[in-house]
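These notes are about the structure you will find just below.
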Amino acid sequence: MDLPVGWFVVLPALSTIPVLVRAYGVSQSDLYLVTVSNSDLEFKRLDTAGAGAGAGAGVSRLSLLTNFLSSCFRSRNHGYALLFLQNIQNPDPSLWNNAVRASVESGLSLDFMGFYKSMLGDNVLPDKATFSKILPVCAALCEIKLGELVHCQIVKMGFENYLFLQTGLLDFYAKVEDLSSARKLFDKMPERDVVAHNAMISALGKNGYIVEARKLFDGMGDKNSSSWNSMITCYCKLGDVNSARMIFDCSPMKNVVSWNAMIDGYCKSDQLTIARELFDCMGSIKNTVTWNTMISAYIQYKEFGRALSTFRQMQAEHVKPVEVTMVSLLSACAHLGALDMGNWIHAYVKRQNLKIDVYLGNALIDMYCKCGSIESALDVFHGLPTKNVFCWSSIIAGLGMYGYGKEAIDVFLKMKDQGMKPDHVTFIGLLCGCSHSGLVSEGRKYFSEMLEVYGVHPGVEHYGCMVDLLGRAGFLEELLELIRTMPMAPNAAVWGSLLRACRTHKDTRVSEQVTQRLLELDPRDGGNYVFLSNIYASANRWNDVELCRNLMIERGVHKTPGCSSIEVDNVFHEFMAGDTSHPQFTQINTFLDEIAKKLKGLGHEPDKASVFHDIDEEEKESSVVR
DNA sequence: GTAGGGTTAG
């Protein structure tokens, strides 16, 4: 079929798939309505002169465009919508307004910026409703300048007397931590309703003025549930969970938000047991947020098993998981190495058409990296419409972990090209990547560029990475010089890296000096004692080995046994060091022997130095392999 | 227009 030249619109109501076909060029602004009948396409040219009735179909051009744009947003084709708006002649201002609102509501904030800027470039001004939608986005993106611009436009257009816009502005300033502007707005308001008071209370609370927030709260005549809840949150954010509980107990209008805020408050102040008690008291009034609060708390406390069992309970009670739930669960998978479950979550996300935003995208990337599937991680990464510094950092660290140091650097440079500013975590991933791939000169280069090129102050962690990098490569002198000239005190990680370097390069002289410091800094870490003991063992200083062990017993320090786990067909298999209880222990051992033989055949020398002394040479070798 | 849940390193 020959297609006419121009823009084609297939209305979603007329077709199963909303599609825009742009054929043969961009400059045309003729519009065609395409109807689908008997799997054939019929084209009708529409009147492009104005908003009058369109040709043929009885549809006005404006309503056609409005429909089309909203179908773009429903199917998340924001780029198309933007391209379309920029290319049609004389777009009706309402189209822009709808587009800005739709992009804000879809949660893709970067698109919003594009729409908003193009709209202003088109000399189209937003209306009152658009302003009220824009302000929270400016606050969320910390777009202070843009928010202030919005403020100016509100004044310029004579909207500054609308109460809801004043409250919106107040809230914006509060969220970008400009309390004095928020206060000024509040003081200037000719009348203040409950909402304005509530906004001011949380503004004060967020900025640490809890006493004033409480005064305002106590002085309020009419309180609604948000007033009580704001007050609960103010106290929780301050860490004063007991005062929060008093407000909670006094509140005559407790709702699910009050409970959620209270539970979160307990979680954030290390009182998981009380949080869970409250959670269990709630019964059927629990909502998605309640479940998410509890699950994410378990994640933060590294109770991954409980997080998963809580999720199963959530499913049993038929509460639908949402994006936030998935972010927490993916974090659990990443820590547990549960690739099967991670894959299931990814499939669920696709099936339910959940929004893969920067949070969820990053959680997927991190899960795939940690579960051994760098290809899938890269797929997710490249498929993300917007990436933030978390996403970039995760993929850089992931590549580095896999030994793809060069690739990690490439991605880092691409990040720079795209104008994304790396942060301190990005550099940890990058430097670790250099370290694992032996890219010493590259590591030195990026370490020295951190501050002067990227404006990121090297922290003790970065020195730790550099010590690791230089240590692995055997630059012991340079390493010691680096530690000597560090602007901050070395931490346990720095000394630990140095110790590893000493062991690798068989330098017992430095090790002893270092270890004393390490034991002072981190006397509860059993690993350090074992480490020192191993150094002595490799030097045949058995008395010192004994001393080390006795010190551990004296101080009541235990070494957590090494543990690894693998998930096969949804079953977790855990292996502790020295544990022979697995039902397939013999078979596994036979297999390990085979691997060991192959490794030896390839010239691998097992590291015997790190094994305790009370076994003979042959046994040493085999206990390293296992 | 105000109140509740999310991600990155060793």
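Lettering follows sequence order; numbering is per chain, from 1.
- In this structure, the CG atom of L165(A) is 12 Å from the P atom of dT2(B), given to the nearest Å.
- Within the structure, every side-chain polar atom (N or O) of K254(A) is placed at least 4.0 Å from both OP1 and OP2 of dG4(B).
- In this structure, the side chain of H436(A) does not engage the main chain of Y402(A) through any donor-acceptor pair within 3.5 Å.
- For dG6(B), its base never sits under 3.5 Å from the side chain of N362(A) at any donor and acceptor pair.
- Following rounding to the nearest Å, I345(A) (CD1) and dT7(B) (P) show an atom-to-atom distance of 14 Å.
- Within 4.0 Å (heavy atoms only), V194(A) reaches no atom of the nucleic acid at all.
- Ion pairing between R472(A) and D468(A) holds under the 4.0 Å rule for side-chain N and carboxylate O.
- The base of dG1(B) lies close enough to the side chain of T167(A) for a donor and an acceptor atom to sit less than 3.5 Å apart.
- Both the sub-6.0 Å distance and the 45° axial angle are satisfied by R444(A) relative to the ring of F475(A).
- OP1 or OP2 of dA9(B) has at least one side-chain nitrogen or oxygen of K370(A) nearer than 4.0 Å.
- Side-chain atoms of M401(A) lie closest to dG10(B) of the nucleotides dT2(B), dG10(B), dG6(B).
- Of the candidate nucleotides dT8(B), dG1(B), dA3(B), dA3(B) has the atom nearest to the side chain of N229(A).
- Across the protein-nucleic acid pair, I395(A) atom CD1 and dT8(B) atom C1' stand 12 Å apart, rounded to whole Å.
- Rounded to whole Å, atom C1' of dA3(B) lies 10 Å from atom CG of N260(A).
- No donor-acceptor pair under 3.5 Å is formed between the side chain of H382(A) and the backbone N or O of D379(A).
- Interface remark: the D357(A) side chain does form a donor-acceptor pair with the dG6(B) base, using a distance-only criterion of under 3.5 Å.
- Both geometric conditions, a ring-centre gap below 5.5 Å and a plane tilt below 30°, are fulfilled for Y359(A) over the base of dG6(B).
- Rounded to an integer number of Å, the gap from L238(A) CG to dA3(B) P is 17 Å.
- The N255(A) side chain lies nearest to dA3(B) when the options are dA3(B), dG5(B), dG6(B).
- At a threshold of 4.0 angstrom between heavy atoms, the contacts of S227(A) with the nucleic acid are absent.
- W259(A) and F248(A) have perpendicular rings, their planes meeting at more than 60° on a 0 to 90° scale where under 30° would count as parallel.
- Residue N287(A) places its side chain closer to dG4(B) than to any other of dT8(B), dG6(B), dG4(B).
- One finds no salt bridge joining E177(A) and K206(A) here, because no Lys/Arg side-chain nitrogen approaches an Asp/Glu carboxylate oxygen to under 4.0 Å.
- The CE atom of M367(A) sits 20 Å away from the P atom of dG6(B) (whole-angstrom rounding).
- Across all strands, K286(A) comes closer than 4.0 Å to no nucleic acid atom at all (heavy-atom distances).
- In this entry the distance linking CG of L204(A) with P of dA3(B) reads 13 Å, nearest Å.
- Of the candidates dG1(B), dT8(B), dA9(B), the closest approach to any side-chain atom of D423(A) belongs to dT8(B).
- A close approach under 4.0 Å does occur between a side-chain nitrogen or oxygen of K268(A) and OP1 or OP2 of dG6(B).
- Listed nucleotides dT8(B), dG5(B), dA3(B) differ in distance to V425(A); the shortest reach to its side chain belongs to dT8(B).
- Rounded to an integer number of Å, the gap from I299(A) CD1 to dT8(B) P is 10 Å.
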| task | Report the C-alpha separation of R183(A) and D187(A) in whole Å, then their side-chain angles, then the decisive distance to 0.1 Å, and conclude whether the salt bridge (Lys or Arg N to Asp or Glu O under 4.0 Å) test is met. | result | CA-CA 6 Å; R183(A) 236 186 200 141; D187(A) 292 340; 5.8 Å; no
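- Checked by distance alone, N292(A) brings no side-chain donor or acceptor within 3.5 Å of a matching partner on the base of dG4(B).
- Candidate nucleotides dG1(B), dA3(B), dT8(B) were compared by shortest atom distance to the side chain of K206(A), and dA3(B) ranks first.
- Within the 4.0 angstrom heavy-atom criterion, no nucleotide atom of any strand lies near I201(A).
- Across all strands shown, L163(A) has heavy atoms under 4.0 Å from base atoms, whether or not it also approaches the sugar-phosphate.
- Side-chain atoms of N198(A) lie closest to dT2(B) of the nucleotides dG5(B), dG4(B), dT2(B).
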